[in-house]
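Both counts, for ligands and for their atoms, begin at 1 and track the order of listing. Just so we're clear, the structure is a prediction, and the values are computed from it rather than from any experiment.
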Amino acid sequence: MSQALDEIKIGGLGASRKRVEDNRFIRGKGNYTDDITLPGMLHMEILRSPLAHARIISIDASKAWEIPGVHLVLTGEMMATRNLAWMPTLSYDTQAVLATDKVRFQGQEVACVIADDPYIAKDACEAIVVEYEQLPVIVNPLQAVADGAPVIRDDKENQHDNVIYDWEVGDSAGTDRAFAQADTVSKLQLHYPRSHPSPIECCGSIADYDRASSKLTVYMTTQAPHIIRAAVALVAELPEQMIRIISPDIGGGFGNKVPIYPGYVCSILASILLERPVKWIEDKSGNLISTGFARDVYLEGEMALRKDGKILAVRMHTDADHGAFFADAQPSKFKIGLMHSAFAAYDIPVAHLTARGTYSNKAPGGVAYRCSFRVTEAMFFQERMVQAAADDLGMDQAEFRRMNFVQDDQFPYRTPFGFLTDSGQYTKCLDVGLKAVGYEDFLRQQQEAKANGRLLGIGISTMTEPLGAGNSREYDILGIKMFDSAELKIHMTGKAIVRTGARGQGQGHETTWAQIVSHELGIPAEDIVVEEGDTDTAPFGMGTYASRSTPVAGAAISMVSRKIRAKARKLAAHLLEVSEEDIEWELGRFYVRSAPDRGVTIQECAMAAYSNMPDGMEPGLENTAYYDPPNLTWPFAVYIVTVEVDPETGVWDVLNMVAVDDCGVRINPMIVEGQIMGGLTEAYAMANMQFITFDAEGNCVGANYMDYLLPTSWETPGFELHSEVVTPCPHHPIGAKGIGECAAVGGPAAFVNAVMNAISGTGVRNIDMPLLPDRVWEAIKYRHDVYGGPPVRTDDD
Ligand code: CDP
């Protein structure tokens, strides 16, 4: 008689199983795009524009062609003869592949050289002579809509200004009525700066077109291989079955590897023209200056308040600077992503959001850097606004949140912007966090310190985040519905392979996906291989970003496992010679209800599927599931930070940070903790040290790792994590909610709120991130807000 299995021992749900992928990563055996070398491979380099806005008078590549080892020089003019000078973006705009008429941002792709090695290609790029005529430059939305502003996108027939969209959501009239009833109106204005995901591995591709078979294979750094395949099929008009996109190991993505970049397109065309593999690997400067920026949103809003602290309404406006091309990867329906998820954790009767998007002379922005489509900006504004409102009312900030939270018995709860949140224990999470940080005690210490001229501060950030787009009714990218898939094959010996349309970039999918199968079927996780990232083998999926893998692909894995279990049940009935209705399931085993000792394992069923199936049954034990989630998942988090600010220098140090995350059922608690720590580290970096901006001429300032600092373990404070609150997602098959980005989304406001709390009493309402010491010092010294949006800090300053 077999025993019921211990799920933790077999690496199922809840097991802190060590990451299987780390076996190769820590041995230096990862296989990244740049590790791949193909026979006869050539190398491509890109010539980028030094200017932010200029008309191209001429491009003379004759000297480049003369350099030995150069095989091809691509210019916009040549791309245009193949209708490839422009490509569609993921937001129904167009983007120049190689510039033909104008350059529109510093770092824009102007020409490419393909040569025997990357050094020859780089030298040849420098030999290309481009004559430019400079044009006035726009670096913020204010300039973009000013009278007489130059029209950046004069390539578009009906574009007579720099406005991309004017969008609104919510109830404008109802919000006005609520504001008329307010005792107090609290206001806030801030800029969420441009930031860069800056993965360790830059973007790159190797295109390999084989004329004999007409097959195009592209190895590339993409978080969404199937979307790339569809885009290549549509843009290059190649048959989709002849395109294979392989996304090998990815050295961090964070949203940077979702968009389609000109480098990918040029390497593909070059390979088709030369009939040789062509490798393009972006350098760090190229990555920082030209790919996948995030944020750059100007936010202002006001809150209508009753004097007892009840929030009556919220009004919000955002101006989003998208750069030269509107290339955001986000659901088509929502022009400013899920910005309208702001305030979803609070019970606010009515709200109204307006959003305007504008072009500027900067690289395309708007990628969802570790974020579910603008949710980071939304939650940052929300939590900064909540703190400002509590201060204006003279209320304790924790108490203010507690009295306005959506309460446990209000779920399912419809937010004023139309989302449906479905579960959570917000007050309990807050209480756990306050207790852990020693809230009352800290407030006392703060008062004592103040009496001695020391500035202590405490910042709270509480938020729920919509993770896991679709459902497919509402969510699509370029018309492709947002669902996901999983394919599971159980081999004859009971071992298995699971493939999904997701593509991890370090999140541990190879470990956790096996744990879901293990939970559903009782097959030990170590017997299950996980494979992602090859469009010839993986089922169609939308890829990994916006923490959608667990909510959507993870759910698909559960569902396909259940299909397998249903077939295995029939096999068990056949083996046990009873009817299916008489069969019971326990982890890894079917048994006869009336005689529990008589049973067969899932492995025995697998063997029977290939060697002893009942008459008429299709052999084999494999299946595919496509999962269209009924709703988003709504994790909740409380982040509390205490800091000390040095009034003489503006330097601030973190004293303590507590995180309470409720992401429903945790598949792998250790991996979840890793995700939270990584997110908090990025949040700290954004709040504290990552400075990248543009001067008045559109030069990208800070596009180097002296200014745009990547946090190391030296700077990063310690984090105390709490996991005692678990509210399972009611619609996810295993009750899991996404977690990958919560801490990066909710964290920044906790740090900024802490510093603002430390300097309360100065009358300063806002310092824009990053809170560099000089900014904090300026705020304390001159008692005024410190603005961080461009243009700031030109070389003349
Ligand atoms: O889409 P992405 O993988 O970036 O984010 P995610 O779905 O939130 O998952 C990040 C990692 O945490 C994955 O390895 C998940 O399987 C794991 N996770 C978990 O163990 N339990 C959860 N409730 C959520 C995620």
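- If you check which protein heavy atom lies closest to atom 1 (O) of ligand 1, you get Ser549 OG, 2.7 Å.
- Considering only non-hydrogen protein atoms, atom 21 (N) of ligand 1 sits nearest to Ile667 N, 3.0 Å.
- Here the two rings, on Phe411 and Tyr426, have centers that are under 6.0 Å apart.
- Residues Phe419 and His340 form a side-chain contact, since some pair of their non-hydrogen atoms from C-beta on lies under 4.5 Å apart.
- Every side chain to side chain contact (heavy atoms under 4.5 Å, CB included) that Pro412 has, sequence neighbours left out, goes to Leu420.
- Scanning all protein heavy atoms for the shortest distance to atom 17 (C) of ligand 1 gives Ile671 CG2, 4.0 Å.
- When Phe293, Tyr705, Tyr369 are each tested for a ring-ring contact (aromatic ring centres under 6.0 Å, His included) with His196, only one passes: Phe293.
- Among Asn668, Asp662, Thr633, Thr544, the residue whose heavy atom sits closest to atom 20 (O) of ligand 1 is Asn668.
- Of all the heavy atoms of Lys737, the ones lying under 4.0 Å from any atom of ligand 1 belong exclusively to the backbone.
- The residues Glu724 and Lys428 are annotated as not salt-bridged, no charged nitrogen and carboxylate oxygen being separated by less than 4.0 angstrom.
- Partners of Asp431 according to the side chain to side chain contact (heavy atoms under 4.5 Å, CB included) rule, which considers only residues two or more places apart in sequence or in another chain, are Arg402, Thr427, Leu434.
- Heavy atoms of Ile739 found under 4.0 angstrom from ligand 1 belong to the backbone as well as the side chain.
- For ligand 1, the atoms lying closer than 4.0 Å to a non-hydrogen atom of Gly738 are 8 (O).
- Contact analysis leaves Ala546 out of contact with ligand 1, as no non-hydrogen atom separation drops below 4.0 angstrom.
- We find that Asp628 and Lys481 are not joined by a salt bridge, their nearest charged nitrogen and carboxylate oxygen being 4.0 Å or further apart.
- With contacts defined as side-chain heavy-atom distances shorter than 4.5 Å, the pair Asn256/Cys203 qualifies.
- Closest protein heavy atom to atom 5 (O) of ligand 1: Ser547 CA, 3.5 Å.
- For atom 19 (C) of ligand 1, the nearest protein heavy atom (residue, atom name, distance) is Val672 CG2, 3.3 Å.
- Of the protein's heavy atoms, Thr512 OG1, 2.7 Å lies nearest to atom 16 (O) of ligand 1.
- Between Arg401 and Glu383 there is a salt bridge, since at least one side-chain N of the basic residue sits less than 4.0 Å from a carboxylate O of the acidic one.
- The proximity of Thr511 to ligand 1, defined as any non-hydrogen pair under 4.0 Å, does not occur for either the backbone or the side chain.
- Heavy-atom separations between Cys663 and ligand 1 include at least one value shorter than 4.0 Å.
- The backbone N or O of Asp328 lies less than 3.5 Å from a partner atom in the side chain of Ser91, making a donor-acceptor pair.
- Near Ala736, meaning under 4.0 Å from one of its heavy atoms, ligand 1 places the atoms 23 (N).
- With hydrogens left out, the protein atom closest to atom 3 (O) of ligand 1 is His509 NE2, 2.7 Å, a heavy atom.
- With a 4.0 Å cut-off on non-hydrogen atoms, Thr550 touches ligand 1 through its backbone as well as its side chain.
- The shortest contact between atom 13 (C) of ligand 1 and any protein heavy atom is with Gln507 O, 3.4 Å.
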